[in-house]
Amino acid sequence: MTDLKFDRHRRLRGSVNLRAMVRETSIQKEDFIYPIFVVEGENVKNEISSMPGVYQHSIDRLGEELDEVVELGIPSVILFGVPKDKDPVGSGAYHDHAITQEAIRFAKARHPELVVIADTCLCQYTDHGHCGVIEDGVILNDESLDLLARTAVSQAKAGADIIAPSNMMDGFVAAIRYGLDEAGFTNTPIMSYGVKYASAYYGPFREAAHSTPQFGDRKTYQMDPANRMEALREASSDVNEGADFMIVKPALSYLDIIREVRDNFDIPIVAYNVSGEYAMVKAAAQNGWVDEEKIVLETLLSMKRAGADILMSYHAKDAVRWLEGK
């Protein structure tokens, strides 16, 4: 055996500190965006049955959630408004005193330094649950763009730091960028949900946001999960139209797509660790089948390793506590 030659990779794994010294990828609290659902009413804090630990908050209860986020050092939240009233064109999305706009004002007044992101879509506000205007059962692309731009401008006026359009209409970034610039919000960034797949992982979110389509599905505008190259075409269009960030959604089953987008574009990449991914881990942990802390941190690490700069995750608060031993 004296002439046997081989590489000794284990030399760099011998202790906790040695492993930490050579670790290639890490997660820190500054990486996170925490999603929050805001509903109309008073004194509302409803746990979402399929997302244990995640709640719908009325604005008068929103402060306690924001305070916790800020205390943990998480730098950003994304707000999803859940209105009581809906109509065919989602007019509640672009009303200056709609639920999302009021939540933005509240958040910025309470914590001016917190980066507040506005989800910009119509599905929570339409009575049919789709992300655009409908005519004879068809989601109309171009007719929806003006409403999306109006929504973005209204959210920017309310104080949103970042606009995050999630509708997947063709040209939505161009329309929103034009609308924001015309309204004087040239410095407001767009965080595009540019690579958004028609995924089964969104189920719990639709319970939380009351946004289930009332007919059909969203496969005519969200991407086919089988397609890889299409993601690059979508991302390229949005970057050319003025996107400042690119979201890949979902994240866990699309780590290859995160890497493709990372390798081809030089803007910040956001991995959206979506509701179904969260719910599966929670269910397994509650049954004692997995170690929740270890599996969550490993999962989030995989998204960073794949190339994500930012993690949008319902696990964010727990993850920061675990990372910092709180």
For [Y], is there any backbone N or O sitting under 3.5 Å from a side-chain donor or acceptor partner on [X]?
X      : Y      : value
Ser76  : Ile33  : no
Asn167 : Cys121 : no
Glu47  : Gly53  : yes
Ser236 : Leu232 : no
Thr100 : Ala98  : no
Lys304 : Ser26  : yes
Asp224 : Ala226 : yes
Asn141 : Asp170 : yes

Do [X] and [Y] sit in the same hydrophobic cluster, where Ile, Leu, Val, Met, Phe, Trp and Tyr count as joined when their side-chain heavy atoms come under 4.5 Å apart?
X      : Y      : answer
Met191 : Tyr178 : no
Met21  : Val16  : no
Val116 : Tyr55  : no

At what distance, to the nearest 0.5 angstrom, does [atom1] of [X] lie from [atom2] of [Y]?
X      : Y      : atom1 : atom2 : answer
Phe106 : Leu62  : CZ    : CG    : 5.5 Å
Tyr272 : Leu311 : OH    : CG    : 12.5 Å
Leu12  : Arg8   : CG    : CZ    : 13.0 Å
Ile36  : Leu66  : CD1   : CG    : 5.0 Å
Phe32  : Ile74  : CZ    : CD1   : 7.0 Å
Ile27  : Leu301 : CD1   : CG    : 5.0 Å

For the student: nearest non-hydrogen atoms of [X] and [Y], plus distance:
X      : Y      : value
Asn227 : Ile257 : O-CD1, 4.3 Å
Arg228 : Asp256 : CD-OD2, 4.4 Å
Ala271 : Ala308 : CB-CB, 3.7 Å
Arg259 : Arg305 : NH2-O, 3.0 Å
Tyr314 : Ser275 : CE1-N, 3.6 Å
Pro35  : Phe80  : CB-CE1, 3.8 Å

Decide yes or no for [X] and [Y]: does some side-chain heavy atom of the first lie under 4.5 Å from some side-chain heavy atom of the second?
X      : Y      : value
Ile190 : Phe245 : no
Gln155 : Phe185 : no
Ser313 : Leu300 : yes
Leu323 : Leu297 : yes
Glu102 : His97  : yes
Ile99  : Tyr125 : yes
Val270 : Pro268 : no
Arg110 : Asp67  : yes

Suppose we screen for side-chain contact (heavy atoms from CB on, under 4.5 Å). Which residues come up paired with [X], at least two apart in sequence or across chains?
X      : result
Gln28  : Glu30, Asp31
Ala243 : Val173, Ser192, Asp238, Met246
Pro250 : Tyr197, Ser199, Tyr201, Tyr202, Tyr254, Val274, Glu277
Val44  : Val39, Asn46, Ser58

Going through the distances and angles, do Asp318 and Arg321 end up as a salt bridge (charged side-chain N to carboxylate O under 4.0 Å, His left out)? CA-CA 5 Å; Asp318 285 337; Arg321 292 189 186 99; 3.1 Å; yes
Where at least one partner belongs to residues 146-169, residue pairs that pass salt bridge (charged side-chain N to carboxylate O under 4.0 Å, His left out), sequence neighbours excluded: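 For residues 146-169, and leaving out neighbouring residues, the salt bridge (charged side-chain N to carboxylate O under 4.0 Å, His left out) pairs sorted by first residue read Lys108-Asp161.
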Around atom [atom1] of [X], are there more than 12 heavy atoms from other residues, nucleotides or ligands closer than 6.0 Å?
X      : atom1 : answer
Glu113 : CD    : yes
Asp266 : CG    : no
Asn187 : CG    : no
Phe265 : CZ    : yes

Does Lys249 qualify as a cation-pi partner of Tyr193, given the criterion of NZ or CZ under 6.0 Å from the six-membered ring centre and within 45 degrees of its axis?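 No, cation not above the ring by the 6.0 Å, 45° rule.
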Classify the ring geometry between His315 and Tyr278 as parallel (under 30°), tilted (30 to 60°) or perpendicular (over 60°).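 The arrangement is tilted - the two ring planes meet at 30° to 60°.
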Applying side chain to side chain contact (heavy atoms under 4.5 Å, CB included), run through Leu255 and Ser302 and close with a yes or a no. CA-CA 8 Å; Leu255 296 176; Ser302 75; 3.7 Å; yes
Evaluation steps, side chain to side chain contact (heavy atoms under 4.5 Å, CB included), between Glu234 and Lys196: CA-CA 9 Å; Glu234 285 279 2; Lys196 181 178 180 180; over 6 Å; no
Side-chain ion pair, Glu65 and Lys317, N-O less than 4.0 Å: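 Result for this pair is yes, salt bridge flagged.
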For Glu64, all residues meeting side chain to side chain donor-acceptor pair (under 3.5 Å), sequence neighbours excluded: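 Side chain to side chain donor-acceptor pair (under 3.5 Å) check on Glu64 returns Arg61.
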Quiz question: by atom type and distance under 3.5 Å, do the side chains of Ser154 and Asp96 form a donor-acceptor pair?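 A pair is found: one side chain offers a donor N or O, the other an acceptor, under 3.5 Å apart.
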